[in-house]
There are 2 protein chains.
Amino acid sequence: MANSIPSVIDFFEKFIALTEEDRVKITSSFKEVKVKKRQFIVQPNFVATHRNYVVHGAFRSYVVADEGQEHTIAFAIDDWWITDYNSYIFQKPATMFVVALEDSTIMQIDYEKEKELKASHQKFETFFRTIAERGLAFYQRRLISNLTQTAEERYNEFESKYPLVSQRVPQYALASFLGMTTEYLSKLRNHRAKKK
Amino acid sequence: MANSIPSVIDFFEKFIALTEEDRVKITSSFKEVKVKKRQFIVQPNFVATHRNYVVHGAFRSYVVADEGQEHTIAFAIDDWWITDYNSYIFQKPATMFVVALEDSTIMQIDYEKEKELKASHQKFETFFRTIAERGLAFYQRRLISNLTQTAEERYNEFESKYPLVSQRVPQYALASFLGMTTEYLSKLRNHRAKKK
DNA sequence: ACCAAAAGTTGAACTAGTTCAACTTCCTTT
DNA sequence: AAAGGAAGTTGAACTAGTTCAACTTTTGGT
């Protein structure tokens with residue numbers, strides 16, 4: 001199994017150039033954590049203390065509405081990041097759950113360490129600025145899909161954009177991510193299959 | 001009428017401490033532009049060259065779906081920012097329109113100037129990182145509303161959170177922002193009025 | 001290997017929100 | 001001040017997606 005350290009470092013290097021010293025700094029800011037399937041890494045009412053990089057595995061963040069329905073906000077598989085950003089950024093209580101969908105390995109950085117890292121060198125500030133901007137653009141595109149497309153169109157788009165995710169997450173989680181019921185997604189899938 | 005320079009400067013000072021030199025640098029990075037009602041500041045297929053701070057006035061960004069319906073993505077009134085972020089951040093062609101809903105005054109910074117500003121001092125990198133993070137958190141909350149709430153709940157929430165915006169934007173724009181038809185919003189408003 | 005619980009399927013009844021069409025009111029422009 | 005268009009309203013018919021319920025399949029724990 002691949003070592004986890006290179007994998008986060010590689011991610012940083014997509015956006016900023018690192019010296020050997022920087023790599024050491026990053027390595028000491030993160031800690032590797034093994035997470036079992038069904039284990040929570042963020043829970044409502046507790047402050048999200050970490051930003052989590054998924055080395056390998058799969059996670060899902062979701063909120064629970066008044067009547068108890070779960071709504072998936074994000075998925076994260078290998079090489080993605082996940083947390084309750086509203087909680088982490090503002091360091092206030094979370095409203096989301098973040099749960100492992102598989103046995104996983106993650107690299108966690110906590111809020112204070114991240115702050116030190118950013119303060120230590122401009123390039124780290126640049127790194128976090130860049131991923132925040134990309135996250136912003138991502139959520140904006142997602143909102144546009146939700147406003148402009150039908151359930152079936154959203155499903156098709158997801159399948160073609162993220163075939164790997166689609167295979168690894170349970171259907172009820174995908175349905176609530178796409179903003180539809182699990183029954184309806186089941187129908188979409190099966191009607192589609194028949195048409196072939 | 002208030003001078004536009006102090007107003008952007010004040011915004012920066014919410015997040016970072018500025019020296020007199022910094023203020024001069026900011027002032028020279030932005031240019032004031034007067035925009036007439038119905039004038040576009042971003043259009044599809046053109047790269048969004050500026051990030052726009054609204055000194056006073058009102059704007060709306062929207063996309064046009066296949067069948068021609070407009071979907072409002074964001075509003076911006078006094079002291080807010082607006083652009084097509086997906087276009088601006090990646091400097092690729094826009095998919096949105098951004099149009100003035102009133103005669104307005106804005107302060108524009110272009111992509112290159114912003115880059116220089118960020119490169120010139122860590123604090124500016126911090127500033128843009130902070131607003132990107134807040135934007136991300138904002139869009140994530142908006143997505144949650146869209147997934148978890150009914151049309152009526154979204155309308156009520158908007159009215160109580162942004163009463164000033166609600167008064168200044170046309171109803172068809174608000175309806176499409178909230179993800180419903182203008183007819184349905186009209187019914188919600190009037191049924192509500194009767195119940196009193 | 002077995003059993004209980006969780007996940008997924010299918011059909012029938014339903015409803016929140018859309019569509020269409022006709023009308024009224026409010027802005028702009030001249 | 002008038003005219004024409006854009007914005008908003010109302011009701012009736014409709015539909016995409018939900019809800020409910022009964023069932024089958026898969027998964028995980030002992």
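Residue numbering restarts at 1 for every chain, and letters A, B, ... go by the order of the sequence lines. As a basis for the values below, the full set of heavy atoms in this structure was taken, side chains included, without hydrogen atoms, waters or symmetry mates.
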Checklist line | Mutual orientation of the aromatic rings belonging to A:Phe97 and A:Tyr62 [parallel < 30°, tilted 30-60°, perpendicular > 60°] | finding: parallel
Problem - Ring centres under 6.0 angstrom apart (B:Tyr88, B:Tyr111) - result: yes
Is it the case that A:Lys113 places NZ or CZ above or below the six-membered ring of A:Phe30, under 6.0 angstrom from the centre and within 45 degrees of the axis? no
Let's go through A:Glu70 and A:Val63 carefully: what are the C-alpha distance in whole Å and the side-chain angles of both, what is the deciding distance for side chain to side chain contact (heavy atoms under 4.5 Å, CB included) to 0.1 Å, and is it a yes or a no?
CA-CA 6 Å; A:Glu70 297 180 358; A:Val63 293; over 6 Å; no
Using ring centroids (six-membered ring only for Trp), state whether A:Phe177 and A:Phe158 fall under 6.0 Å. yes
Rounded to whole Å, OH of A:Tyr172 lies from P of C:dT9 at a distance of 14 Å
Between CD of A:Gln171 and P of D:dT25 the distance, given in whole Å, is 15 Å
Whole-Å distance, A:Leu188 CG to C:dG8 C1', equals 14 Å
Here the distance between atom P of C:dT10 and atom CZ of A:Arg189, to the nearest Å, is 13 Å
Open item on the list: Looking at B:Glu20 and B:Arg23, is there a salt bridge between them, counting it only when a charged N and a carboxylate O are closer than 4.0 Å?
Closed with: yes
For nucleotides 23-30 of chain C, 5' to 3', base contacts (B), sugar-phosphate-only contacts (S) and non-contacts (-) with protein non-hydrogen atoms under 4.0 Å give -----S--
With a 6.0 Å cut-off on ring centres, are A:Tyr53 and A:Trp80 close enough?
no
Its contact letters, B for base, S for sugar-phosphate only and - for none at protein heavy atoms under 4.0 Å, make nucleotides 16-24 of chain D read -BBBB----
Note to self: Salt bridge check, A:Glu125 against B:Arg129: does any charged N sit closer than 4.0 Å to a carboxylate O?
What the structure shows: yes
